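Some notes on the structure that comes next.
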Protein chains: 2
Amino acid sequence: MAQSHSTAQLDPEAGPTPRLGRKRDHTRDPEILDAAIEVLAESGFDGMTIDMVAARAKAGKATIYRRWPSKADLVLDAVACMKAADLAPERLPDTGTLRGDLVAMIRPRSIEEGERKLRIMGGLFGMISTSPELAAAAHQAIIEPRLAVNRLFLQRAIDRGEVAADCDIDLLARVASGMSAFRMLVEQQPLDADYLLSLIDHVILPAAGIAPEARTD
Amino acid sequence: MAQSHSTAQLDPEAGPTPRLGRKRDHTRDPEILDAAIEVLAESGFDGMTIDMVAARAKAGKATIYRRWPSKADLVLDAVACMKAADLAPERLPDTGTLRGDLVAMIRPRSIEEGERKLRIMGGLFGMISTSPELAAAAHQAIIEPRLAVNRLFLQRAIDRGEVAADCDIDLLARVASGMSAFRMLVEQQPLDADYLLSLIDHVILPAAGIAPEARTD
DNA sequence: TCTATACGAGACTGAGCGGTTTCGGATATG
DNA sequence: CATATCCGAAACCGCTCAGTCTCGTATAGA
């Protein structure tokens, strides 16, 4: 499930069938998966049709069904192959304070990507409750990377002595993601910088035991 | 939109048509609406079919379509007519401390109802983004009552001097609902008392500026 | 060059579902 | 008792969509 673009559904034994004819063009795989993710983000799982994905990727439906046996498998692979384009470990801020690190994550680029991922997550509801595989893939690709970043920031703050060592890292790391998801998906309001700043200064930092010394509002 | 069980779709002018024959049995309205809410909570808007609702309510499809012109109207009315059975103003705790009030809300009955409502909210995603009417009804029936309770608790704490007057009530009131929605809908984990207690003691109270004096963990 | 396969485009099939209609029976008005 | 409407049950219609198949073209290996 974790290998790149499926492919392993057929051919149980390895390669003793050197088939003739034109080879499958595997450069289309990621293009189709990207198209699927886009449609998924716009329409949700139920609203998404294979024809939409095919049109978006300028591919034929048969080309899609030659690679994935069903719509559910396509979506599962598309979600599993989502790369955390931003928030790569080497591009993360390290400002020396928890607030600095958290605020440094508030950038148009990063917010946009977060909104996109949460929209995808919203589109997966319904399917997520009937497919544990999909639920796991979505958590792994969408939620977990963000939580890992928050945990890193918190752990560094603890190591610096900025935050008490007995603070509940796992819970605090979920505050930003949880409240962002609530605002976007439930309250249907944009994830603007003001909201995120309030979240940091009025919830996360106080909960981490950091006194409000440098308020900006 | 706010009156009880629809009925006003027909008869633009009031009652100059005293029609003959058997009268419509309006005691079936809430039974059908309840059935719709149940199916909605189990299957979501897209997974729900009118036949499911009819079967659950032991009614004919025609009986449903005689009262609501479409599936969307049925769901809208069902959501709008949802009563906040628990959390009626006179049944709310008033323990004298913010923590006491919040902890007093953690009861099996209340948790179960909260899970139910959040499941319904999850089932409405997708539809909620295309129907502002439904989005408003869902917010009004499911989210707002809970936020109002939290705001009340916070305001009383401020009036008592327990919490600083400049605290961000609107944001803090959203923490419990937002984090609960995240845990249930995104992380697919139960809303147990331990989680809610951690939320209160490690996030909400510190964010409200109340020092951790009586920890229970 | 010949063969087997992949490709995009699109026709086709079968199932599911929203919504309508029909049917036999019940019920309130007159 | 007659009439008009209601009821539950279920047949029916029209459309959408997942999944298959066909067609004309392109391409890799023998």
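Convention: sequence-line order gives letters A, B, ...; per-chain numbering from 1. Worth saying up front: this structure is predicted, and the values here are computed from it rather than measured.
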So, OP1 or OP2 of D/dA18: does either fall under 4.0 Å of a side-chain N or O from A/Lys71? yes
How many Å lie between NZ on B/Lys58 and C1' on D/dC6, as a whole number? 20 Å
Steps toward side chain to side chain contact (heavy atoms under 4.5 Å, CB included) verdict (A/Ile50, A/Tyr65): CA-CA 9 Å; A/Ile50 301 294; A/Tyr65 278 104; 3.3 Å; yes
Of the listed D/dT22, C/dA4, D/dA18, the closest approach to the A/Leu20 side chain comes from C/dA4
By the 4.0 Å heavy-atom rule, please label B/Ala54 as base, sugar-phosphate, or nothing. nothing
Spacing between B/Asp73 atom CG and C/dG18 atom P, to the nearest angstrom: 14 Å
Closest approach to the side chain of B/Arg24, judged atom by atom: which nucleotide of D/dC6, D/dG8, C/dA6 is it? D/dC6
May I ask you to say whether B/Arg99 pairs ionically with B/Asp201, meaning some side-chain N is under 4.0 Å from a carboxylate O? yes
Please give, in whole Å, the distance from C/dA9 P to A/Tyr65 OH? 17 Å
DNA chain D nearest-nucleotide lookup for A/Asp46 and A/Ala62: closer to the 5′ end is A/Asp46
Value in whole Å for how far the P atom of D/dC12 lies from CD1 of B/Ile50: 21 Å
Heavy atoms under 4.0 Å, any strand shown: does B/Met52 hit a base, just sugar-phosphate, or nothing? nothing
Across the strands shown, which category fits B/Asp25 at heavy-atom distances under 4.0 angstrom: base, sugar-phosphate, nothing? sugar-phosphate
Between A/Arg174 and B/Glu187, does any side-chain N to carboxylate O distance fall below 4.0 Å? yes
Selected nucleotide, minimal atom distance to A/Thr49 side chain, candidates D/dG8, D/dA18, C/dG8: D/dA18
Identify, between B/Lys23 and B/Asp51, the residue whose nearest nucleotide on DNA chain C lies closer to the 5' end. B/Asp51
May I ask you to say whether B/Asp46 pairs ionically with B/Lys71, meaning some side-chain N is under 4.0 Å from a carboxylate O? no
Kindly say if A/Lys61 contacts the phosphate of D/dA18, meaning a side-chain N or O under 4.0 Å from OP1 or OP2. no
Among D/dC6, D/dA18, D/dA28, the nucleotide that comes nearest once only the side chain of B/Arg66 is considered: D/dC6
Check: D/dA28 base within 3.5 Å donor-acceptor of A/Arg22 side chain: no
Starting at the 5' end of DNA chain C, which residue's closest nucleotide do you reach first, A/Gly60 or B/Gly21? A/Gly60
Which of C/dG19, C/dA6, D/dG8 is nearest the side chain of B/Ser70? It is C/dG19
Check the side chains of B/Thr49 and B/Asp51 for a donor-acceptor pair under 3.5 angstrom, ignoring hydrogens and angles. no
Rounded to the nearest angstrom, tell me the gap between atom CD1 in A/Ile64 and atom P in D/dT20. 13 Å
C/dC17 P sits how many Å from B/Leu74 CG, rounded? 16 Å
Sequence neighbours excluded, the answer for ring-ring contact (aromatic ring centres under 6.0 Å, His included) partners of A/Phe125 is B/Phe125
C/dC17 C1' sits how many Å from B/Phe45 CZ, rounded? 12 Å
In this structure, how many angstroms lie between the P atom of C/dT5 and the CZ atom of A/Arg28, rounded? 22 Å
